[in-house]
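Here's the structure, in structure tokens; my notes come after.
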Amino acid sequence: MFTTAAPVKSALPRDLFGAIADLKRELNAVVLAHYYQDPDIQDIADYLGDSLGLSQQAAQTDAEVIVFAGVHFMAETAKILNPNKLVLLPDLNAGCSLADSCPPDEFAKFKAKYPDHLVISYINCTADIKAMSDIICTSANAVKIVNQIPSDQPIIFAPDRNLGKYVMEQTGRDIVLWQGSCMVHETFSEKKMVQLKIQHPESEVIAHPECEEVVLRHADYIGSTTALLNYCQKSDRQCFIVVTEPGIIHQMQKAAPDKQFIPAPPMNNCACNECPHMRLNTLEKLYLAMKHKTPEITLPESTRIAALRPIQKMLAMSV
Ligand code: 13P
Ligand code: SF4
């Protein structure tokens, strides 16, 4: 029996890489991608980075269209910074479990209990949470930002309790934490990681601060995705157990082809160390988003203006 190809598939050109390059020129578009994207998307990106690098790029691009290969809160941040540009997200369902763990109405009630506190929010949150915050931070600059706050100023940190705990340890500050977390970074098994370390005694464990304290305890180095990538290039070790979303290993392997990178295993025999939200974007969807100029990120102007101020504060405090 003959089957009919899906309309979306039949609309795809043979050379997707070439077609995306053509559309970039036609639209005056820039493709910004996070390290957790599929390797194909990483390879066609104009800029690849962690959340801080991506927001810095979004703040300074002169392209007319921003194609954001990442998750919703990242593309939303780009739109907050660029209200007059078209910001496209290849799959509008690419959300974030951490952002979802902080509903705005509940956070407003929580914040009201601490009227004297400064609110520092991790960029992995919705525009509504950003609008209720004083300063935004990322995993790359959270410690640096908290260290710039006078020591007698009480702080609320939201939404990631693991990054919040790590910041408390690094700064010696007592901080009120919102109890949110990332489903990917809480999936790593301490037991399996320790077993891996025993099998590879010469290796270093490098971990993202969104991981739980029990896992971070075993890390030789803790940092944002960009910091992890830089670290493994500088280190004289040859083998690394990588405790974050394994998408970053594509860049690690490119930067240090002779070194070995072992993804830290999740608790179950699943691929749940891959972010299901990030992985919703595909090269095909990215092409179609550019071709049809949709799905587009939009948000109410009042929310955008309120969310812009704490993002600008972060950018100023990160230099
Ligand atoms: P960074 O990009 O700050 O390393 O954070 C990783 C992450 O979880 C992004 O969603
Ligand atoms: Fe969100 Fe975690 Fe995925 Fe990052 S890895 S986008 S924090 S769910």
Side-chain angles (χ1 to χ4, degrees), residues 32-38 41-42 45 47-58 68-78 89-102 120-126 129-130 136-145 157-164 166-167 170 178-188 206-212 215-216 219 221-232 242-252 263-264 266 270-281 311 314-315 318:
L32 306 181
H34 191 271
Y35 294 120
Y36 296 165
Q37 292 290 281
D38 279 344
I41 295 183
Q42 296 189 29
Y47 177 84
L48 192 59
D50 65 3
S51 305
L52 177 62
L54 288 165
S55 47
Q56 287 166 332
Q57 286 295 315
F68 215 111
V71 288
H72 193 276
F73 75 80
M74 296 178 170
E76 196 172 56
T77 303
L89 180 63
D91 190 320
L92 214 46
N93 291 320
C96 168
S97 66
L98 181 49
D100 291 346
S101 69
C102 193
I120 302 185
S121 294
Y122 189 30
I123 198 163
N124 300 36
C125 64
T126 60
I129 299 297
K130 289 185 175 77
I136 298 303
C137 71
T138 75
S139 64
N141 60 18
V143 170
K144 184 177 178 171
I145 284 180
F157 188 89
D160 189 16
R161 62 181 172 207
N162 295 320
L163 177 62
Y166 173 72
V167 170
Q170 294 295 305
W178 176 266
Q179 295 297 315
S181 63
C182 158
M183 64 190 283
V184 176
H185 287 88
E186 286 206 334
T187 198
F188 296 108
I206 57 173
H208 195 280
E210 282 177 27
C211 296
E212 289 175 289
V215 167
L216 292 180
Y221 181 77
I222 298 169
S224 76
T225 43
T226 298
L228 298 180
L229 178 60
N230 293 339
Y231 180 80
C232 66
V242 182
V243 200
T244 190
E245 215 272 6
I248 182 75
I249 292 178
H250 182 56
Q251 292 308 314
M252 291 175 167
C270 58
C272 31
N273 55 352
E274 287 188 1
C275 174
H277 310 289
M278 287 275 183
R279 303 290 176 141
L280 279 178
N281 294 324
I311 296 173
M314 170 188 81
L315 293 172
S318 302

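Positions are given from 1, in the same order as the sequence printed here. Just follow the structure's listing: the first ligand is 1, and inside any ligand the first atom is 1.
- For atom 3 (Fe) of ligand 2, the closest heavy atom belonging to the protein is C275 SG, 2.4 Å.
- The two residues I136 and I145 come nearest to each other via the heavy atoms O-CD1, 3.6 Å.
- Closest approach of T225 and H208 over heavy atoms only: N-CD2, 3.9 Å.
- No donor-acceptor distance shorter than 3.5 angstrom exists from the side chain of Q170 to the backbone of V143, with no hydrogens or angles considered.
- For ligand 1 and D50, the ligand atoms under 4.0 Å from any heavy atom of the residue are 1 (P), 2 (O), 4 (O).
- Nearest protein neighbour of atom 8 (S) of ligand 2, counting heavy atoms only, is S97 OG, 3.4 Å.
- Taking backbone and side chain together, C182 holds no N, O or S atom under 2.8 Å from atom 3 (Fe) of ligand 2.
- For ligand 1, none of its N or O atoms has an N or O atom of T138 under 3.5 Å away.
- Among all protein heavy atoms, the one lying closest to atom 1 (Fe) of ligand 2 is C96 SG, 2.4 Å.
- Counting all heavy atoms, side chain and backbone alike, L98 lies closest to C182 at CD1-N, 4.1 Å.
- Between the side chain of Q42 and the main chain of Q37, a donor-acceptor pair closer than 3.5 Å is present.
- Proximity to S224 (heavy-atom distance under 4.0 Å) selects the following atoms of ligand 1: 4 (O).
- In this structure, I123 and M314 approach most closely via the heavy-atom pair CD1-CE, 4.4 Å.
- A distance-only check finds no donor-acceptor pair linking the side chain of N230 to the backbone of A227 [under 3.5 Å].
- Listed for the W178 side chain is no donor-acceptor partner under 3.5 Å among the backbone atoms of G164.
- Without hydrogens or angle criteria, S97 side chain to M183 main chain gives a donor-acceptor distance under 3.5 Å.
- At least one heavy atom of Y36 sits closer than 4.0 Å to an atom of ligand 1.
- Between N273 and V184, the shortest heavy-atom distance links the atoms O-CG1, 3.3 Å.
- Scanning all heavy atoms of the two residues, the minimum distance from S181 to S101 falls at N-OG, 3.5 Å.
- Neither the backbone nor the side chain of L52 has a heavy atom within less than 4.0 Å of ligand 1.
- In this structure, the protein non-hydrogen atom closest to atom 2 (O) of ligand 1 is H34 NE2, 2.7 Å.
- Close to ligand 2: H277, with a non-hydrogen atom less than 4.0 angstrom away.
- Regarding atom 3 (O) of ligand 1, its nearest protein heavy-atom neighbour is S139 OG, 2.6 Å.
- Relative orientation of the H185 and Y36 rings is tilted, given thresholds of 30° and 60° on the angle between their planes.
- For ligand 1 and T225, the ligand atoms under 4.0 Å from any heavy atom of the residue are 1 (P), 2 (O), 4 (O).
- For ligand 1, the polar-atom distance check finds no N/O of T226 at less than 3.5 Å from any of the ligand's N/O atoms.
- Heavy-atom contacts of M74 reach the following atoms of ligand 1: 9 (C), 10 (O) (cutoff under 4.0 Å).
- When heavy-atom distances to ligand 2 are checked against a 4.0 Å cut-off, E210 comes that close only through its side chain, counted from C-beta outward.
- Within the structure, ligand 1 lacks E245 among the residues with a heavy atom less than 4.0 angstrom away.
- Listed by number with element, the atoms of ligand 1 under 4.0 angstrom from any heavy atom of Y122 are 5 (O).
- Of the protein's non-hydrogen atoms, the one nearest atom 8 (O) of ligand 1 is E210 OE2, 2.9 Å.
- Looking from atom 5 (O) of ligand 1 to the surrounding protein, the closest heavy atom is H208 NE2, 3.2 Å.
- Here the side chain of N281 pairs a donor or acceptor atom with the backbone of D91 at under 3.5 angstrom.
- For atom 10 (O) of ligand 1, the closest heavy atom belonging to the protein is N124 ND2, 3.3 Å.
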